[in-house]
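Both ligands and their constituent atoms are indexed starting at 1 by order of listing. Quick caveat, the model's predicted, so the values are computed rather than measured.
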Amino acid sequence: MMNLPDLKEAKKRENKPVETIMASNIKSEKFKGKSFYLRTYGCQMNVHDSEEIKGILTNIGFKETENYEEADIIILNTCAIRENAHDKVFGFLGRVKHLKKSKPDLIVCVGGCMPQQDSVAELLKNKYPFVDIVFGTHNISDLGKLILEHQDKQDIEVYSVEGNVYENIHYDRDSKYTAWVNIMYGCDKFCTYCIVPYTRGKQRSRKMEDILKEVKNLRDEGYLEVTLLGQNVNAYGKDLYDGNDFATLLEEVAKTNIPRIRFVTSHPWDFTDKMIEIISKYDNIMPYIHLPLQSGSSRILKLMGRRYTKEEYLELFNKIKKAIPGVSITTDIIVGFPNESEEDFAETLDVVNKCQFDGAFTFIYSPREGTPAALIKDNISMEIKEERLQKLNELVNKYSLRHNKEYEGKVVKVLVTGMSEKGENKVCGYTETMKLVNIDGAIGDIGKIIDVEIEDAKSFSLDGKKVTFVKN
Ligand code: 5AD
Ligand code: SF4
């Protein structure tokens with residue numbers, strides 16, 4: 001069946017709560033002894049979707065391999081947010097095509113955000129016939145069925161309209177200590193540069209009782225941290241019409257007493273005083289907020305459809321800083337949006353100087369087909385975009401380092417999540433404020449929240465040693 005997405009239709013959909021249905025979690029022995037290779041591109045949402053994909057694959061008999069050349073099935077969970085993610089996928093598909101010549105039984109699947117764009121689905125259909133299964137973001141839960149029923153010819157199963165909210169999803173989680181928890185799917189903000197509302201559909205919130213059940217189960221299984229996940233978590237509940245909003249949800253999650261709660265991503269427009277109050281009230285809600293700025297120029301923000309001005313962003317930022325002592329705030333910034341002048345860019349630098357973010361993800365604007373901004377001429381040269389990005393990064397890194405230096409000599413709580421890449425006998429983990437710390441330690445520290453004395457700070461990480469308190 002072929003059902004190509006119609007981007008123009010996405011905005012017109014009816015505003016009513018969607019149905020909640022149970023995921024099927026098909027089990028089969030058909031692929032026992034076979035292995036899968038899964039490559040994930042993009043954001044945390046995709047990383048978490050991949051945990052569902054892994055759950056599906058293990059349910060039908062596959063085991064994971066890290067080596068794609070060894071695999072019986074290859075799945076690419078793709079991202080459409082910028083052109084470079086797109087290029088990486090097609091680059092890798094070239095290698096897979098070559099491999100399939102010597103392994104004709106290899107099953108190749110491409111799923112996630114990219115096939116939601118009609119041009120990509122068409123391209124896969126016409127130019128990549130060796131791709132066996134193409135699926136979208138709305139039917140990940142059906143992947144097991146698609147694989148089990150796959151015959152010889154290419155299956156393209158992509159739905160333009162988002163469907164139900166699935167419950168009872170079986171995840172094969174990457175960590176035993178930290179877990180992603182979807183609280184909503186899709187996004188209704190339609191920022192003019194962004195493909196997400198088209199690839200992920202309208203906002204659909206999960207019911208609060210279902211989220212709380214998942215969090216409590218995770219807590220009972222020994223998880224120490226949950227990250228509540230959504231494209232715009234602050235708008236949680238707006239589509240439910242049951243009176244629950246993100247502040248209510250956050251408070252109820254805090255009351256489960258799971259040790260650490262995080263949430264991403266916040267949109268400044270929906271950030272209420274009540275949310276700030278709840279975050280500051282509960283010790284298990286981590287003092288870390290990712291608050292995308294995108295641009296410091298009110299003129300560009302308007303063109304981006306962000307619904308706030310430079311001044312409003314600064315006001316919110318200062319309010320959060322004042323209400324939550326020690327809070328760390330990171331951001332996303334795009335440079336080179338169409339018509340961004342030197343003055344506009346200077347406004348962005350001005351906000352960075354005023355906010356002195358703990359960190360920032362910075363991007364060069366990339367026109368996405370089907371978005372309103374793509375209709376505006378992309379009139380900033382790559383040279384200028386790169387120049388602005390470099391200038392911005394230098395400033396951002398200066399403040400990151402400055403913030404990190406404040407940690408030197410301090411003792412902080414770190415949830416140790418794994419072995420560090422920085423050498424043998426080193427583990428790593430995150431502070432409450434989401435700073436990465438490399439620690440002299442051992443495997444036994446993994447999965448614990450330990451006290452660490454910070455000895456050295458760099459722009460992107462801290463080094464520290466374990467502290468053992470001696471009682472007098
Ligand atoms: N070009 C560049 N960056 C983008 N982002 C989203 N869409 C685009 C685009 N078309 C960035 C935003 C967003 C982050 C996830 O990706 O900064 O917050
Ligand atoms: Fe994209 Fe804006 Fe939605 Fe974020 S809030 S996902 S940038 S449309």
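Of all atoms in ligand 2, numbered sequentially from 1 with element shown, those under 4.0 Å from a heavy atom of F190 are 8 (S). Each of the atoms 5 (S) of ligand 2 lies under 4.0 Å from some heavy atom of H267. Near P197, meaning under 4.0 Å from one of its heavy atoms, ligand 2 places the atoms 8 (S).
Nearest to atom 1 (N) of ligand 1 among the protein's heavy atoms is S366 N, 3.0 Å. Closest to atom 11 (C) of ligand 1 among all protein heavy atoms lies R82 NH1, 3.2 Å. Counting only heavy atoms of the protein, atom 6 (C) of ligand 1 lies nearest to I81 CG1, 3.4 Å. The nearest heavy-atom contact from the protein to atom 2 (Fe) of ligand 2 is C191 SG, 2.3 Å. In terms of protein heavy-atom proximity, atom 7 (N) of ligand 1 is closest to Y193 CD1, 3.3 Å. If you check which protein heavy atom lies closest to atom 7 (S) of ligand 2, you get Y193 OH, 3.3 Å. Among protein heavy atoms, atom 4 (Fe) of ligand 2 sits closest to Q231 O, 4.2 Å. Of the protein's non-hydrogen atoms, C194 SG, 2.3 Å is the one closest to atom 1 (Fe) of ligand 2.
A tilted orientation is assigned to the rings of F92 and Y37, their planes being inclined by 30° to 60°. Note on ring orientation: taking the six-membered ring where Trp is involved, the planes of F90 and Y128 are tilted (angle from 30° to 60°).
Aromatic pair F317/F357: ring centres closer than 6.0 Å. Between H48 and Y171, the gap from one ring centroid to the other is short of 6.0 Å.
The nearest non-hydrogen atom to atom 18 (O) of ligand 1, considering only I334, I333, T265, D332, comes from D332. Looking at R368, M304, Q294, E83 and measuring to atom 12 (C) of ligand 1, the nearest heavy atom belongs to Q294.
The residue N232 has no part lying near ligand 2, judged by heavy-atom distances below 4.0 Å. Only backbone heavy atoms of I364 (N, CA, C or O) come within less than 4.0 Å of ligand 1; its side chain stays farther off. With a 4.0 Å heavy-atom cut-off, ligand 1 is reached by the side chain of F363 but not by its N, CA, C or O.
Remark: the backbone N or O of A247 is paired with a side-chain donor or acceptor of D245 at under 3.5 angstrom.
Contact check for Y193 versus T371: no side-chain heavy atoms found under the 4.5 Å cut-off. Contact annotation: the side chain of M304 approaches that of F337 to within less than 4.5 Å [non-hydrogen atoms, C-beta and beyond]. Side-chain contact between T58 and E64: absent, with no pair of heavy atoms (C-beta onward) separated by less than 4.5 Å.
Heavy atoms of R306 come nearer than 4.0 angstrom to ligand 2 in at least one pair.
Electrostatic pairing of E343 and R299 does not count as a salt bridge here, judged by no charged N lying under 4.0 Å from a carboxylate O.
Not a single N/O/S atom of C187, whether from backbone or side chain, sits less than 2.8 Å from atom 1 (Fe) of ligand 2.
The neighbour count for N25 CG, taken as heavy atoms of other residues, nucleotides or ligands under 6.0 Å away, is above 12.
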Audit row: E214, R206, salt bridge (Lys or Arg N to Asp or Glu O under 4.0 Å) steps and yes/no: CA-CA 11 Å; E214 185 176 347; R206 286 177 71 195; 2.6 Å; yes
